[in-house]
Number of protein chains: 2
Amino acid sequence: MTAVQPQESKRQRAPSKRSLATRERVLDAAEAVFALRGFEGATIRDIAAEAGVPVGTIHHHGGGKEALFHQTIARRAETLSRARLSAIQRVRAEGPMTLEAVLAAFIRPFFELTDQDGGWRHYARLVAFVSVDDRWRALSAKFFDPTAEVFFAELLALLPRASRPQIAESFVFSVSAMLALLTSRERIGVLSGEDAAQEDQIDHLIRFCAAGLRG
Amino acid sequence: MTAVQPQESKRQRAPSKRSLATRERVLDAAEAVFALRGFEGATIRDIAAEAGVPVGTIHHHGGGKEALFHQTIARRAETLSRARLSAIQRVRAEGPMTLEAVLAAFIRPFFELTDQDGGWRHYARLVAFVSVDDRWRALSAKFFDPTAEVFFAELLALLPRASRPQIAESFVFSVSAMLALLTSRERIGVLSGEDAAQEDQIDHLIRFCAAGLRG
DNA sequence: GTCTATAATGAGATAGAC
DNA sequence: GTCTATCTCATTATAGAC
């Protein structure tokens with residue numbers, strides 16, 4: 001805030017490699033603990049223990065519990081968005097522009113990321129929490145709604161005979177079904193009694209949503 | 001634990017009218033606060049303030065925060081179950097036994113209860129929380145799974161060509177879509193830009209799920 | 001940048017008067 | 001049965017040494 005420093009709140013130095021690594025560890029730990037216990041159920045101490053750092057370090061990097069939660073959501077949101085948008089671009093470029101292709105472009109990237117990395121698995125649970133809870137409405141609006149609206153527009157174009165509210169409802173149903181599958185693939189396995197291949201489950205989800213949207 | 005009292009932990013006297021009324025007020029308040037803030041986010045003090053009783057009273061009736069939460073879920077679970085089971089009985093008796101009729105018997109009673117009473121509205125949010133969160137798996141299993149399995153059996157009988165895991169998955173998708181509509185009818189209205197009549201939304205949900213199950 | 005020690009707050013629970 | 005006052009503990013946050 002001095003006259004010597006005209007650019008306000010800009011970092012003086014780039015963070016060191018060590019600092020960046022610690023920051024990643026902290027966010028990994030936060031992701032895991034938040035996913036397991038929810039926001040209020042998680043404690044800074046749990047996260048510190050999980051990350052193997054002192055409690056103070058969490059505050060240094062995270063800047064408070066709520067800011068830490070925001071960062072945890074924000075970290076992977078961009079990657080997810082980009083994966084989805086480039087998938088829909090590919091569909092636009094290569095066709096065919098079917099309902100199934102649009103839904104797959106929205107759904108598949110999330111599952112692919114989730115399957116390749118345990119951190120993304122935790123993130124999927126977090127997204128489900130955030131989506132279902134009105135207290136995090138602002139977070140959803142900032143990180144997920146813009147991409148969702150791109151896909152919503154595609155659905156509108158693909159289903160000219162359906163009304164806008166109907167498509168909106170169907171889209172909400174589809175997203176909630178996707179989150180259910182993301183967060184409880186194990187549980188579904190138990191109920192069904194057999195082990196369905198995961199690829200089949202995702203195919204099935206896409207067919208379910210497409211049929212619902214058409215119906 | 002004395003020899004004089006062979007029946008252990010039985011109440012000596014029936015609770016007074018006043019006590020029962022207080023208990024209801026406490027559960028109403030707990031329902032509202034838990035629905036708004038989640039389990040950890042809610043505090044005993046918030047609930048006491050909402051109920052207009054001292055903090056100690058909450059413990060007297062509720063027996064601890066977790067027991068209070070259990071009671072809150074338990075209080076309306078029986079009513080919901082019975083409404084669903086008698087709806088499916090009516091379908092069995094009067095026919096026709098369609099996918100839509102079975103889904104309607106599962107879905108409609110919850111919405112009807114939710115619409116007629118603000119407490120049920122809070123309860124719907126609680127059910128959504130409980131269903132999505134593995135920490136409350138035991139609660140779901142005790143209060144909701146038995147009824148769900150009755151409907152799952154009906155779906156199995158109605159869709160002989162589909163595999164058991166597929167029906168299980170579709171059922172999970174349908175339940176999550178139902179919970180999404182129960183907890184965010186307002187939000188869907190905003191996205192869609194117009195006001196769809198609520199009856200239409202429920203019809204639409206049933207059609208969506210039926211089409212998905214068939215597809 | 002990292003870590004230790006501590007401050008300040010707010011929580012759930014309970015004992016005992018009424 | 002109801003309510004007041006209090007206990008005990010765990011939490012977030014921070015100040016300051018390294």
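Everything quoted here is computed from the prediction, not taken from an experiment. In what follows, chains are A, B, ... by sequence order, proteins preceding strands, each numbered from 1.
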Open item on the list: As a test of reading the structure: which of dG1(D), dA13(D), dT2(C) is closest to the side chain of Lys65(A), going by heavy atoms?
Closed with: dA13(D)
Open item on the list: Is the phosphate of dT2(D) approached by Thr57(B) (side-chain N or O, under 4.0 Å from OP1 or OP2)?
Closed with: no
Open item on the list: Please give me every residue in residues 44-54 of chain B whose heavy atoms get under 4.0 Å of an atom in DNA chain C, ordered by residue number.
Closed with: Ile44(B), Arg45(B)
Open item on the list: By the definition side chain to side chain contact (heavy atoms under 4.5 Å, CB included), identify the one residue from Phe143(B), Phe129(B), Phe39(B) that meets it with Trp136(B).
Closed with: Phe39(B)
- [ ] Grab the NE2-C1' distance between His61(A) and dA13(D) for me, whole Å please.
- [x] 16 Å
- [ ] Look at the side chain of His59(A) and decide which nucleotide, out of dG1(D), dT14(D), dA11(C), has an atom nearest to it.
- [x] dT14(D)
TODO: Would you indicate what Ala42(B) reaches in the nucleic acid, counting non-hydrogen atoms under 4.0 angstrom: base, sugar-phosphate, or nothing?
DONE: sugar-phosphate
- [ ] Would you name the heavy atoms of Ala87(A) and Pro109(A) that are closest together and state the gap between them?
- [x] CB-CG, 4.1 Å
Open item on the list: Under 3.5 Å, is there a donor on one side chain and an acceptor on the other for Thr147(A) and Ser81(A)?
Closed with: yes
- [ ] With sequence neighbours excluded, tell me which residues meet salt bridge (charged side-chain N to carboxylate O under 4.0 Å, His left out) with Glu154(A).
- [x] Arg92(A)
Task: Closest contact, heavy atoms only, Phe151(A) versus Val102(A) - done: CE2-O, 3.6 Å
TODO: For Glu169(B) and His204(A), test the side chains for any donor-to-acceptor distance below 3.5 angstrom and give the result as yes or no.
DONE: yes
